[in-house]
Every structure is written in C-alpha cells, then in structure tokens.
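This report refers to the structure that appears directly beneath it.
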Number of protein chains: 2
Amino acid sequence: MDITKDKLAFIEESGLLMETFGLTRMAGRVFGYLMVCDQDAVSFDDIRDTLSASKGSISATMKMLVNTHFIEAVSLPGDRKTYYRISRNRPGDLIRSRFRLFDLFGGLLDKAAQLKNRNDETGAWLQETAGFYRWIQQPIEEAIRQWESNPNIAAHATRENGTKTRDG
Amino acid sequence: MDITKDKLAFIEESGLLMETFGLTRMAGRVFGYLMVCDQDAVSFDDIRDTLSASKGSISATMKMLVNTHFIEAVSLPGDRKTYYRISRNRPGDLIRSRFRLFDLFGGLLDKAAQLKNRNDETGAWLQETAGFYRWIQQPIEEAIRQWESNPNIAAHATRENGTKTRDG
DNA sequence: CATTTGGTTCATTTTTTATTGAACCTTTTG
DNA sequence: CAAAAGGTTCAATAAAAAATGAACCAAATG
C-alpha cells in the first residue's frame, strides 16, 4: 500500500529485468515487491493493490512464481489468507536450474553432431562445444557446493585475493 | 533444398529449444539448419528456401543471429551473395554472455538489499544471495579458462574421440 | 443455511511479437 | 544506362502472450 516512490521504481526495474529471464513482467514486479516490502510476507490483496493489477492476473502470476520456486506461499493459523514471500532457496539453486538449459543446449549440439554427415569445421565445432557443455556442469556444481559448504569463507576469499581454494 | 526428413525435424526441435533461450523460433531454426547442413556455409536464399520463410523474416533473423554472435557472415571473392555459418566462437563464450544475466540479477538483489529498511529474513537472504552471485563469477570464469587452456584433456574425461586442436 | 472471504477460471480484450510481401535501395553485369 | 541480383525496410497482418473482469467455487463464519 503506502510504498515509496523509489521502491515503485525498483519494482518496475525488476519487472523489466526479469522479463529477460523468461518470466512475465508482472512476475518480475511481484518478485520485486517481495524483495523490498517491509513485511516479511505479503497477502494476495496487498500485492494486487500495490501493483494495481486484476485478481486473475495476480492469481496466474503467483502460481507461476511458486511453481518456478522463486517465491513460496505461507499460511497462518486462524487466517484464511495466503501470504507470499521470497523462497528460502539456497542461492545456488537458481543457477542450478538455469544450467539445465545449457545442458539441453549441449544435448542439441550432440544430436546435431550425430545427424551431420560431412565432417567439416562446423562438425568439429559441434563436437568440441557439446563436449564443453557436458564438461562444465561438474566444475560449476563444485563451485556452488563450495559456497554452500561455507559461504562466508568463500565470500571472504574473493574480496581479499582471487585465490580459489579447494577442500571438497 | 534437398534435406532429409530427420534433419527437418531436428531444425524444428532446435527452433523450439532456442525459443527458451530468448531467441525467436525462426532464429532457432536457422541455427539448427546451419548445424546440420552439408555445406560449410549457406546462402541467404538457401536458408529461405529450406525454411520456407519470407525474405523479410530471414533478413531480420540473420541480423539478429549475427549481432548475438551465434552465426557469422562469410563472403567469397567473385560472388555477390552472403553466406552464413555457425560462429567460430570459443565454446565458453555463450556461457560467458549468459552469465552477464546472472550478474545483472545479482545487481538487482544488491539494490533491493539497499532499498529495504527492515532487516528481516528476506533482507538477509538478499544480501547472502547477492554475495553469491558476485562470488560465483570468478570460479566460473576460471573453469572456462581451464577448458580453454586445454580442451582435449578435459574432453577426454567424457569422450574418447574429438581430438581437435585450436591455434589462433 | 445464507453470507462473506479469498481466491480460481476462463472467455474476451489488449498488447506485444513475429511474419509477410511489396516497394525500394545498391552493386554488378551486359 | 537498362536489367538483374541480392538484399533491406517497413506498413499491414497474423499469431501469441498477458491482462481484465465477471462468473464461479470452496471453506469459514454468523
């Protein structure tokens, strides 16, 4: 409801940016609002009012954001409303799920390499690149795990020097 | 032109998959065709015929794919046509450019953390997650560099074949 | 059991995005 | 210089995606 001008601007910014992630603009706005709102969790109608959107649109948007694990629903005893807040995901989970796209892309390259009958430069590129996509999954998962095992040390290491330590 | 049924199917598959990357379906088809075609580089009209699309659509699509570095134009002496082929990118470049999106997302989280005035659970999550996005850039760049410094060794882990060397 | 609350659903409308095709450039060729 | 090749541009159209709002439904309340 009573939300500052700069937060509203931020919400619009979030809408535009998250469109580039394949969400709808409305979903980006909702996520933006949940990021900067003062309450810990916000009701359907609060979101609807703040964003001046229709019930139908908010309903669809909330479902989508919950399904993609960006947000989660919260219910309270003695209260019929549903509240929503940003998911308590491990930070790496979004990258993990995005990386599945790279994996799919690698699979496509693989398939192309097999369909191709001429063994030209492009064929070699396909094989090399498909191999890369297969290979990169592991180091990335490792990096994420490293952070998860000790976020603070990892954060500290980057700010001090760029030295990557490995004790997994 | 004379293209097999399974390649056409692959091209459509590529169109659908690359839509999830934010390209148009047509761009995905073109990229798919360039992946599996027998020629090393293919002319505008060849693409147009194979995909049964209009000049305007192909023209816009080729520009878009060239601008995003998915493909590159090739010209030949004594030939007025422009040919196109898959870019000879280093395999990591696509991931690099996609990672800029994560960086933007991290920036958004940072901004949110600053706008927020209450220091609740979500506030803590924002800070932690923004930190993670800042931190992860480095290990990923390192992993990509590791592959680039010796693709074959890394590739060997996953495949027997694919002995291709690069020299700038 | 009638009302209210808190949504969901879905046909319709609005908005956005992609495609077409004709007109139009710019080089090259005869 | 006329004609053709090889595209590009852009107004019009088609197709897809998102938002609206009214009808609807289930659970809780009086």
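All heavy atoms count here, side chains included; hydrogens, waters and symmetry mates do not. Every chain is numbered from 1, with letters handed out A, B, ... down the list of sequences.
Salt-bridge check for A:Asp38 with A:Lys7: passed, with a basic side-chain N closer than 4.0 Å to an acidic carboxylate O.
For the 3.5 Å distance criterion, the side chains of A:Glu142 and A:Gln138 qualify, holding a donor opposite an acceptor. Neither side chain, B:Tyr133 nor B:Asp110, offers a donor N or O lying under 3.5 Å from an acceptor on the other.
Shown for residues 8-16 of chain B: no residue has heavy atoms falling under 4.0 angstrom of DNA chain C. Within residues 58-78 of chain A, the residues that place at least one heavy atom under 4.0 Å from DNA chain C are, in residue-number order, A:Ser59, A:Lys63.
Between B:Leu23 and B:Phe31, the closest side-chain pair of non-hydrogen atoms is not below 4.5 Å. At least one side-chain heavy atom of B:Leu109 sits less than 4.5 Å from a side-chain heavy atom of B:Trp125. Using a 4.5 Å heavy-atom cutoff, the side chains of A:Phe99 and A:Asp103 are not in contact.
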Stepwise side-chain hydrogen bond (donor to acceptor under 3.5 Å, both in side chains) check, B:Thr50 with B:Asp46: CA-CA 6 Å; B:Thr50 305; B:Asp46 186 335; 3.1 Å; yes
From CA spacing to verdict: ring pair (Phe, Tyr, Trp, His ring centres under 6.0 Å), B:Phe102, B:Phe105: CA-CA 5 Å; B:Phe102 289 124; B:Phe105 187 67; 7.9 Å; no
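For A:Ser52 and B:Ser43, each mapped to the nucleotide of DNA chain D holding its nearest heavy atom, the one lying further toward the 5' end belongs to B:Ser43. Across the interface with DNA chain C, nearest-nucleotide mapping of B:Leu23 and A:Asp79 shows A:Asp79 to be the residue nearer the 5′ end.
Residues passing the side-chain contact (heavy atoms from CB on, under 4.5 Å) test with B:Ala124: none are found, sequence neighbours excluded. Remark: A:Lys116 engages A:Asp120, A:Thr122, A:Leu126 in a side-chain contact (heavy atoms from CB on, under 4.5 Å) (not counting sequence neighbours). The ring pair (Phe, Tyr, Trp, His ring centres under 6.0 Å) search around A:Phe10 returns none, not counting sequence neighbours. Residues forming a salt bridge (Lys or Arg N to Asp or Glu O under 4.0 Å) with A:Asp6 (at least two apart in sequence, or on another chain): none. Every residue two or more places apart in sequence or in another chain was checked for a ring pair (Phe, Tyr, Trp, His ring centres under 6.0 Å) with A:Tyr84, and none qualifies.
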All N/O pairs under 3.5 Å across the protein-nucleotides 1-5 of chain D interface:
from	atom 1	to	atom 2	distance (Å)
D:dA5	N3	B:Arg80	NH2	2.7

Heteroatom pairs (N/O) under 3.5 angstrom, protein to nucleotides 12-17 of chain C:
none

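Axis orientation changes by 0° from one end of the helix from C:dC1-D:dG30 to C:dG30-D:dC1 to the other, with each end axis drawn from 5 pairs and the value rounded to 10°.
A:Asp46 has its CG atom 17 Å from the C1' atom of C:dT5, to the nearest Å. Taking atom CE on B:Met26 and atom P on C:dT19, their separation rounds to 5 Å, with Å as the unit. Note: CZ (B:Phe44) to P (D:dG6) measures 11 Å, nearest angstrom. The distance from atom CZ of B:Arg48 to atom P of D:dT8 is 13 Å, rounded to the nearest whole Å. Taking atom CZ of residue B:Arg29 and atom C1' of nucleotide C:dA18, one finds them 11 Å apart after rounding to whole Å. If you take NZ of A:Lys55 and P of C:dC10, they are 16 Å apart, rounded to a whole angstrom.
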Quiz: residues 12-21 of chain A side-chain donor-acceptor pairs under 3.5 angstrom, not counting sequence neighbours:
from	atom 1	to	atom 2	distance (Å)
A:Glu12	OE1	A:Arg29	NE	3.0
A:Glu12	OE1	A:Arg29	NH2	3.4
A:Glu12	OE2	A:Arg29	NE	2.9
A:Glu13	OE1	B:Lys111	NZ	2.8
A:Glu13	OE2	B:Lys111	NZ	3.4
A:Ser14	OG	A:Gly28	O	2.8
A:Glu19	OE1	A:Arg25	NE	3.2
A:Glu19	OE1	A:Arg25	NH2	3.2
A:Thr20	OG1	A:Leu17	O	2.5

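Contact between the side-chain N/O atoms of B:Thr82 and the OP1/OP2 oxygens of D:dG7 is found at a separation under 4.0 Å.
Residue pairs that meet the side-chain hydrogen bond (donor to acceptor under 3.5 Å, both in side chains) test with at least one member in residues 65-79 of chain A, sequence neighbours left out, are A:Glu72-A:Arg85, A:Asp79-A:Tyr83.
For the side chain to side chain contact (heavy atoms under 4.5 Å, CB included) criterion with B:Leu34, the lone passing option out of B:Ile11, B:Ile71, B:Asp40 is B:Ile71.
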